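Written out below as structure tokens is the structure these notes cover.
Model, not experiment: these values are computed from the prediction. Any value given below was found using the heavy atoms of this structure, including those in side chains, with hydrogens, waters and symmetry copies removed.
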Amino acid sequence: MRCNMRAGMLRSCPAILFCSLLVAAAPPADPPAASRAARAEAAGNLDQAIALYSEALRAAPGSASLLRARGRIRLQAGQLEFALADLSAAAAAEPKAAETWKLLAEAQLALMRFSEAAGSYRQALKLGLENAALYRGLGAALAAAGEREKSIEAYTNAVRMRLDDPETYLARGRVHASLNHFRDAIEDFDNAITHNPRLAIAYFERGHALGQLNNFQRAVADFDTALSLNTDPAWPLRSDAHLFRAAALDILGRQDEALAGYGSALQANPSSARALLARADLHARLGRHPDALADREKAVELDPSNPTAYLARGGSYHQLGQHDRGFADRTRAIVLDPSNGLAWFSRGNAYLLLNQPAKAVPDLERAAKLLPQSDVLDLLARAREAAAAATPQPPAEAPKEVAVEPAPQAPPTPPVTDPPAQESPAPPPVIVAPPTAPPPAIRPPAVQAGGSPSAAALHDKGRALIQQDKYGEAIEVLSQALALKPDFPLALNARAYANIRLSRHDLAIPDLQAALKLDPNYQNARHLLEVASARTGKPPAAAPPATAPTTNRVPTVREGVPSGTAPPAASPPAVAPPTRRAPTVRDGVSSGTAPPAAAPTTSRAPTVREGVPPVTPPPAAAPSAVAPSTGKAPTAAALHEKGRALIEQNQFQQAVDTLTQALSLAPNNPLILNARAYAQMRLSRWDLAIPDLEAALKLDPNYANAKRNLEASRRALAASTPSTPPPGPK
């Protein structure tokens, strides 16, 4: 009866029959394969889940939810390009799905597309998906894209939404440290430690930042804590922690402990040429020259492409009287890096002090072209004078009826003596005073009795503005300080530094000359004067001679400016050792202060906050790499030299292009591969740097600089992918 009634209704209503057929023919909204894919995903069977979602998408092509699900699993499985394609299609199909934009941002971040990732994170936030993890991802993307101030803002929002996440404090502290805001960085590391007292990396980072503020005692304590918390022999930072700790102990005069610390660094990483060179330097300063030579020989064996290692070993050979070997090592350093002015300077100085001025002159002339600084030019003048005095001159015929006065005595040539007893060709990688003054919040400005700021207070304010990269404002404030106290060398030096950062070198020079007239021993002002003079292309500006040796001190916070070539605006602050003394023949440097612009940096310990340990920088005044008048095509060596010069000028993309040309001529040159990788690293293209570094190490497995850069690139690539934060408190 019911069947007849239903049949009659269908016959009487064709529309109902038509609709029922449509419903029967429609595909299910959630294909069965999708349910099975979800179960496979929950069980951790990612490959099976991807296959099932692909099956579901064949039944329901263009489904935003299925594309998002498959993209999410592909992201977990490391199939980044496929994940990016799925999530991009899902975002196009459903542009208001905040979760899709979040996943898309994570894929873009993993693929080093930092600006795109930041845009996707912002889109997810705009659509209402606001949480601490999202802000942390945005902070990581902005930091990697070079937008560090905006990165700090994003991390601050993450902190606001979740106050107990140590990883966020740690990440923000690293960005603060990269901006030289060391006190802010220490505050963040303090918070990270408060919320996770067993976070070894936070103690490591805080120890480094404390060292930047010259607080070496606390730095040692933090490195000790980091090492006690992470006892894993394979911890990547174990060797660096021992190395930094030993360097701080060395500065504190605890030399026996420092030697033990360098030994621990080598135990953690036996192939660390940096630790060997640092320990060798301490051995040499203690008069243990055979021990120093043994360490330097091992460093050369581990890093045979590093000219610094050869210069250091050459110093030991000269110290032990093996001068032929010393000259051979300096020559090897020149062959490895013909644009290394310090290598030419070292060999020329050794020739001069060993009474071979004729051989010294051409080396020092080449050094003067690469390092147009007063120390080099003075030594060249001495060499020319000694060479002229050593050359016999034919007697001149006296004019008739004119009395001939006796010829003046030629200055005595330098005697052949045993080299002095101390040396320091490869100073240890130490943690030095900060390159900028502490923020004013740490030290309130002094006020004069009348209520107006004192010159000292204005000086502090000006240095705080320098720290914030507000150089024009800093110059105005420092000018007010100098109006109150014209004989204020610190303010003169600070104003000159601000002018140098604005490329106003002509304005910096008078301030630095005035500062040195007031304080002839102000080495920081002397270094900056050399830098400013070199940048103007004019002869070095005259500076009053120092009244007493000043190289035995540790750089102080009062200077507030890096003691050497002013760093480029985008460069991370270098970590350099305190100057201890005037180098000698064994160092390959004259008895005056070593030229700062070309001091080798490959032997120092790179900072974790930098992320990228620097390669040896080319001299600032390196000559053009391409021969000007021969009409021949540039060689690979010339293009390599030109590329390094472009790196020095922060023209990283142009350097990449030039070094690519060099590699087309010499594809198996590990030095060129490493240089191009370094330029890619400065552009945050870690994925492009890694293949070059791997190729360099395949050609030269002992190339320690390439090893360090490869480790740094891999760490940066891994760190650029934000980890899932731990669940919040219940």
Side chain of [X], backbone of [Y]: donor and acceptor closer than 3.5 Å?
| X | Y | result |
| --- | --- | --- |
| S239 | A265 | yes |
| Y310 | P304 | yes |
| W686 | A712 | no |

Any salt bridge between [X] and [Y], counting N to O under 4.0 Å?
| X | Y | result |
| --- | --- | --- |
| D240 | R274 | yes |
| E694 | R714 | yes |
| D337 | R644 | yes |
| R285 | D250 | yes |
| K298 | E301 | yes |

Residue pair [X] / [Y], side-chain donor-acceptor N/O under 3.5 Å:
| X | Y | result |
| --- | --- | --- |
| T331 | D329 | no |
| H208 | Q212 | yes |
| E297 | Y317 | yes |
| R501 | Y497 | yes |
| D657 | Q653 | yes |
| R296 | S316 | yes |

How about [X] and [Y]: do any of their side-chain heavy atoms sit closer than 4.5 Å?
| X | Y | value |
| --- | --- | --- |
| H318 | R330 | yes |
| L379 | F345 | yes |
| L693 | M681 | yes |
| R366 | L370 | yes |

Find the distance between [atom1] ([X]) and [atom2] ([Y]) and round it off to the nearest 0.5 Å.
| X | Y | atom1 | atom2 | result |
| --- | --- | --- | --- | --- |
| R238 | S264 | CZ | OG | 9.5 Å |
| D700 | L671 | CG | CG | 8.0 Å |
| D291 | R279 | CG | CZ | 8.0 Å |

Practice prompt. Report the relative orientation of the aromatic rings in F223 and F244; use parallel for angles under 30°, tilted for 30 to 60°, perpendicular for over 60°.
Written response: parallel
Determine the minimum heavy-atom distance between [X] and [Y], stating which atoms define it.
| X | Y | value |
| --- | --- | --- |
| A273 | D303 | CB-CB, 4.1 Å |
| G211 | A219 | N-CB, 4.0 Å |
| V300 | A309 | CG2-O, 3.7 Å |
| A248 | V220 | CB-CG2, 3.8 Å |

Discussion item. Using ring centroids (six-membered ring only for Trp), state whether F327 and Y351 fall under 6.0 Å.
Written reply: yes
Worksheet entry | Inter- and intrachain pairs under salt bridge (Lys or Arg N to Asp or Glu O under 4.0 Å), touching residues 659-676, at least two apart | R676-D692
Fill in: Residue pairs fulfilling salt bridge (Lys or Arg N to Asp or Glu O under 4.0 Å) with at least one residue in residues 316-325, sequence neighbours excluded
none
